[in-house]
Amino acid sequence: MRFQFALTLQALWTAVCQAAMQHYPAAWGHYDVCKSQVYSDEGLTWDYMACQPEAADMTQYLKVTLDPPNITCGDPPETYCALENPYMCNNECDATTEELAHPPELMFDIEGRNPTTFWQSTSWKKYPKALLVNITLSWNKTIELTDDIVLTFESGRPEQMVLEKSLDYGRSWQPYQFYATDCLDAFTMEPKTVHDLTQHTLLDIICTEDYSRGYVWKYDKTVRFEIKDRFALFAGPRLHNMASLYGQLDTTKNLRDFFTITDLRIRLLRPATGATMVDENNLSRYFYAISDIKVQGRCKCNLHANSCVFDKEKLSCECEHNTTGPDCGRCKRNYQGRAWSAGSYLPIPKGTANTCIPNNIGPVIRPNVSSLGVANRKEARVCDNELLRCQNGGVCVNNVRCNCPSTYTGVLCEKSRCESELGGCGGADSGHAPMTPPSSPRLLLLLLLLGSALLRAASC
């Protein structure tokens, strides 16, 4: 009897634990749906949500530019020696022969070929003058980075390098990260790693020696700019707490801009030398060669589109929510009834669409009684049960205003009231409950059964 009771108790406890451990991450979508039809008391209506395109390999859509333009090897043909063996000089580069050419397009082709394909620069034949190369990747579109930027070098990683970004189509540049075998000597910066950063210093520009020090020909090939490690400062080591990251991206423009680019620039300042003195008698050992560049991201559409098209060599968002522009950055004509606003990731999991509303979609006659008698006044329609649906549980009253829940405000109840309060939406007085798993009838029933079983056991 006691054994059967123990089994029952164990089963009930397991069920309770499973029901209680339904965390929010399972409910967080990818914001891939902009609107859906739902049934309400008024019938079939549209429910609008924040949305964004899926992340993709953005190297498919870029334009690459090299400076100086004639820095690619092969014109004239040249023979190179291996860095680890100065007597192995059997690598030839010839731009007129397809099998021996190394144009910049080979940095973005399909990997896994044998032999490996790669872009290669001319050798350091003008030493001691620096061998400088700028590789610029341009999208002509704002891009949001979603994963690490990874460069794979075929010739040994450079001893000095800078990764830069632009947010204005290459008109101005800011450093993303410095790389060197000796940060103090190269850039007068203390060496750091991404793991030295905190939430408060995440935007700091650092110099790292992780991807330059030492030299092993076969293994030390990649150089990274760590995007996910920076995300993890808010979302946790395994990015489980994405709500925290989304909240920060929503409310901190500098953080959002940090992960947004229109262009990337790789500045190669000094090639690998094998941690030895430069051999001036064999300068064909020193050059740059890159076999692969990975840039994962998505089109920036301000949470107003879930797809981005590449047409006529240009990326553009397929805008929803009555927005338009390459980034859905303005309201469509005749839909400027309120100022344009980007969508919001919050509240989880659907976010807030912040749709653009018509200037005036038909007057509504509303009686207005004055002290002088009765008169009719025309007012613009503010809400309805279709396009201008009140959000977050708000109720449309006579098509002229939304009756919002106590924790929301705005024309269509689209804003959390706590956003304007001291302490923001994370404060204890914000009116927003902490993110804990909601109780359910199933959970309550299981708790009652467990309590009943314990009472029966006590009576025995």
Side-chain angles (χ1 to χ4, degrees), residues 52-73 95 101-111 117-122 131-153 158 161-179 205 222-227 254 256-269 288-302 305 307-319 324-329:
Q52 63 188 5
E54 286 290 327
D57 174 12
M58 300 310 295
T59 61
Q60 305 173 71
Y61 312 111
L62 59 78
K63 175 186 176 183
V64 59
T65 307
L66 271 62
D67 183 34
N70 61 346
I71 195 65
T72 299
C73 70
H102 297 286
E105 297 78 40
L106 296 182
M107 291 186 282
F108 313 104
D109 63 345
I110 299 172
E111 288 299 287
T117 58
F118 52 90
W119 164 80
Q120 185 169 318
S121 74
T122 58
L131 181 60
L132 304 179
V133 182
N134 286 345
I135 302 173
T136 303
L137 315 180
S138 304
W139 283 271
N140 196 28
K141 171 81 180 72
T142 46
I143 302 297
E144 295 172 331
L145 300 173
T146 59
D147 207 337
D148 296 357
I149 298 170
V150 184
L151 315 179
T152 304
F153 285 83
M161 184 188 108
V162 184
L163 181 66
E164 297 178 327
K165 61 167 285 189
S166 176
L167 256 177
D168 55 9
Y169 306 94
R171 286 187 288 272
S172 63
W173 296 90
Q174 303 84 40
Y176 242 162
Q177 193 151 289
F178 293 85
Y179 303 82
I205 308 304
T222 60
V223 174
R224 289 178 176 268
F225 179 69
E226 304 94 339
I227 296 292
N254 287 347
R256 191 166 62 248
D257 287 348
F258 184 80
F259 298 110
T260 304
I261 62 173
T262 59
D263 305 75
L264 280 173
R265 185 163 68 184
I266 304 159
R267 293 179 55 208
L268 304 173
L269 305 179
Y288 305 109
I290 299 178
S291 62
D292 189 45
I293 298 179
K294 284 187 169 59
V295 182
Q296 286 283 124
R298 62 168 60 91
C299 291
K300 179 182 178 181
C301 300
N302 287 297
S307 63
C308 190
V309 296
F310 187 64
D311 185 38
K312 297 178 180 177
E313 303 297 313
K314 188 174 181 180
L315 284 167
S316 59
C317 302
E318 292 195 306
C319 301
T324 188
D327 303 340
C328 308

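- For the pair Val162 and Leu269, the minimum side-chain heavy-atom distance is below 4.5 Å.
- Atom CZ of Phe153 sits about 9.5 Å away from atom CE of Met107, to the nearest 0.5 Å.
- Here CG of Asp292 is found 5.0 Å from OG1 of Thr152. Values are rounded to the nearest 0.5 Å.
- Considering only residues two or more places apart in sequence or on other chains, Glu164 meets the side-chain hydrogen bond (donor to acceptor under 3.5 Å, both in side chains) condition with Arg265, Arg267.
- Taking all atoms of both residues into account, the shortest heavy-atom contact from Glu144 to Lys300 is OE2-CG, 3.4 Å.
- A distance below 2.5 Å between sulfur gamma atoms is not met by Cys308 and Cys317.
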Requested in this report: Carefully, step by step, assess Thr136 and Lys63 under the rule side chain to side chain contact (heavy atoms under 4.5 Å, CB included).
Outcome: CA-CA 8 Å; Thr136 303; Lys63 175 186 176 183; over 6 Å; no

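- Nearest heavy-atom pair across Tyr288 and Leu131 is OH-O, 2.7 Å.
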Report task. Go through Ile293 and Trp119 one step at a time and tell me if the side chain to side chain contact (heavy atoms under 4.5 Å, CB included) criterion holds. Result -> CA-CA 11 Å; Ile293 298 179; Trp119 164 80; over 6 Å; no

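- The line from CG of Asp147 to NZ of Lys294 is 10.5 Å long, rounded to the nearest 0.5 Å.
- Lys165 NZ to Leu145 CG: the interatomic distance, rounded to the nearest 0.5 Å, is 7.5 Å.
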Requested in this report: Would you sort out whether Thr122 and Thr72 count as a side chain to side chain contact (heavy atoms under 4.5 Å, CB included), showing the intermediate values?
Outcome: CA-CA 6 Å; Thr122 58; Thr72 299; over 6 Å; no

**Report entry** From CA spacing to verdict: side chain to side chain contact (heavy atoms under 4.5 Å, CB included), Asp57, Val295
**Finding:** CA-CA 6 Å; Asp57 174 12; Val295 182; 5.6 Å; no

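- Contact record, Tyr169 with Ser166: N-OG, 3.6 Å, taken as the closest heavy-atom pair.
- For Phe310, the side-chain contact (heavy atoms from CB on, under 4.5 Å) partners at least two apart in sequence or on another chain are Tyr61, Glu313, Leu315.
- Of all heavy-atom pairs between Val64 and Ile135, the closest is CG2-CG2, 4.0 Å.
- Summarising the geometry, atom CG belonging to Asn140 is positioned 10.0 Å from atom CD1 belonging to Ile143; distances are rounded to the nearest 0.5 Å.
- Between Leu151 atom CG and Leu268 atom CG the span is 8.5 Å, to the nearest 0.5 Å.
- A donor-acceptor pair is defined here as one N or O able to donate and one able to accept, closer than 3.5 Å; such a pair exists between the side chain of Asp148 and the backbone of Ile227.
- Ring geometry for His102 versus Phe118: interplanar angle under 30°, hence parallel rather than tilted (30 to 60°).
- The two atoms that bring Ser138 and Asp263 nearest to each other are OG-OD2, 2.6 Å, heavy atoms only.
- Shortest non-hydrogen contact noted between Cys319 and Ala305 is CA-CB, 4.0 Å.
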